Amino acid sequence: TRVACAYASGNFPLVVGGDHSCAIGTWSGVSQALDGSGELGLLWIDAHMDSHTFATTPSGAIHGMPLACLLGYGDAELMRIGQAAPKLLPENVCLLGTRSFEEGEASLLARLGVRIYGMAEIHSRGFAAVFDEALAHVQRHTVGFGVSLDLDALDPSEEAGVGSPEPGGIFKDELVQAFRHLHNHPRFLALEIVEYNPYLDNRFMTARAAGELFDAATPF
């Protein structure tokens, strides 16, 4: 509700979250604020797919379920947050930086046809080219797009202050450079950054990285 009100008031929603379960609220709010004016695109930058349901999760953790909920799969109570309908269509979503997932969530996204840019493709093609393609994808059939960034998408050899570090990720400077494409973008609707863990942050390097990413992307 707070995200929807911020957007409807002409402000740019910037959500700083704990675990990624807050994405259910963030993007339900943006979708609600669009109020049928068109579809929402979402660039999901994360080491993980976060697309489990209670039928597939090995842990039962809701922070592994938000993208599935937004797509209309999973627990009925979670899917009713904001509004009952799915908040996202599969063709309007891209995952970027994926490298740690389980069979159940991968099967769901494959069946839905969600575009996933894993680290092997990023290494092969270059991060800048993949980011630009993903950005074009989430705008193709939508009135605007958001970015949900889990800081564990970054390589923990540089940025260790995250909840679930996974080796072999995106380097911070590459992502900062790409985020400059978002600055004052007319169709960039909201930004969410999650999973910062100060207890694992070496000399607050990850906190500073998050600040650089805010500065690169946000229109203020």
Side-chain angles (χ1 to χ4, degrees), residues 3 15 17-32 39-122 130-131 133-135 137-142 145-154 162-170 175 189-195:
V3 170
V15 176
D19 72 53
H20 217 163
S21 62
C22 70
I24 303 172
T26 300
W27 305 109
S28 294
V30 176
S31 176
Q32 180 178 316
E39 301 297 336
L40 170 65
L42 186 61
L43 184 54
W44 188 275
I45 307 174
D46 196 334
H48 307 92
M49 291 180 171
D50 289 354
S51 295
H52 276 297
T53 67
F54 279 116
T56 63
T57 175
S59 68
I62 294 177
H63 67 243
M65 304 179 186
L67 186 54
C69 289
L70 292 165
L71 289 165
Y73 293 83
D75 181 77
E77 187 173 357
L78 294 176
M79 289 189 293
R80 281 197 299 270
I81 290 173
Q83 56 196 43
K87 285 74 176 188
L88 298 168
L89 297 178
E91 60 267 29
N92 299 331
V93 177
C94 277
L95 278 69
L96 189 62
T98 309
R99 56 193 186 275
S100 176
F101 52 88
E102 284 84 36
E103 170 61 28
E105 56 185 343
S107 294
L108 174 62
L109 296 184
R111 177 162 56 85
L112 295 176
V114 173
R115 182 65 166 100
I116 299 170
Y117 295 92
M119 290 307 301
E121 182 171 356
I122 289 170
V130 167
F131 184 89
E133 185 174 297
L135 193 57
H137 183 107
V138 298
Q139 296 179 73
R140 196 167 297 149
H141 305 296
T142 66
F145 67 93
V147 175
S148 185
L149 170 63
D150 188 320
L151 289 167
D152 67 26
L154 298 171
V162 299
S164 303
E166 294 289 344
I170 300 165
L175 191 55
L189 305 181
L191 172 64
E192 170 179 66
I193 297 186
V194 304
E195 292 281 1

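The figures that follow rest on heavy atoms only: side chains count, while hydrogens, waters and symmetry mates do not. We're numbering straight along the sequence, starting at 1. Here the structure is a predicted model, which means the values were calculated and not measured.
- In terms of modelled atom types and a separation under 3.5 Å, the side chain of Lys87 and the main chain of Gly72 share no donor-acceptor contact.
- Asp75 places a side-chain N or O within 3.5 Å of a backbone atom of Leu78 that can act as its donor or acceptor partner.
- A side chain to side chain contact (heavy atoms under 4.5 Å, CB included) with Leu151 is found for exactly one of Ile45, Val162, Val194, Asp46, namely Val162.
- A donor-acceptor contact under 3.5 angstrom links the side chains of Glu192 and Thr26, judged on distance only.
- Residue pairs meeting the salt bridge (Lys or Arg N to Asp or Glu O under 4.0 Å) criterion with at least one partner in residues 102-119, sequence neighbours excluded, are Arg115-Glu121, Arg115-Glu133.
- The nearest pair of heavy atoms linking Gly60 to Phe54 is O-CE2, 3.8 Å.
- Of the residues Leu40, Thr142, Leu43, Leu71, the one that meets the side chain to side chain contact (heavy atoms under 4.5 Å, CB included) test with Asn92 is Thr142.
- In plain terms, the two heavy atoms of Tyr117 and Cys94 that are nearest each other are CE1-SG, 3.9 Å.
- Of the possible donor and acceptor atoms, none in the side chain of Arg80 sits under 3.5 Å from a partner among the backbone N and O of Ala85.
- Residues Leu70 and Ala23 come closest through the heavy atom pair CD1-O, 3.8 Å.
- Two residues are said to be in side-chain contact when any heavy atoms from C-beta on lie closer than 4.5 Å; Phe131 and Leu96 meet this criterion.
- A donor-acceptor pair shorter than 3.5 Å can be found between the side chains of His48 and Asp152.
- Legend: residues meeting ring pair (Phe, Tyr, Trp, His ring centres under 6.0 Å) with His20, ordered by chain and number and at least two apart, are Trp44.
- No donor-acceptor pair under 3.5 Å is formed between the side chain of His141 and the backbone N or O of Gly41.
- Contact detail for Ser51 and Leu108: the closest heavy-atom pair is O-CD2, 3.7 Å.
- Across every non-hydrogen atom of Gly82 and Gln32, the tightest pair is O-OE1, 3.3 Å.
- Under a 3.5 Å cut-off, the side chain of Thr56 and the backbone N or O of Thr53 do form a donor-acceptor pair.
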Exercise for the section: Determine, step by step, whether Leu175 and Leu149 satisfy the side chain to side chain contact (heavy atoms under 4.5 Å, CB included) criterion, reporting the C-alpha distance in whole Å, the side-chain angles of both residues, the deciding distance to 0.1 Å, and the verdict. Expected result: CA-CA 10 Å; Leu175 191 55; Leu149 170 63; 3.9 Å; yes

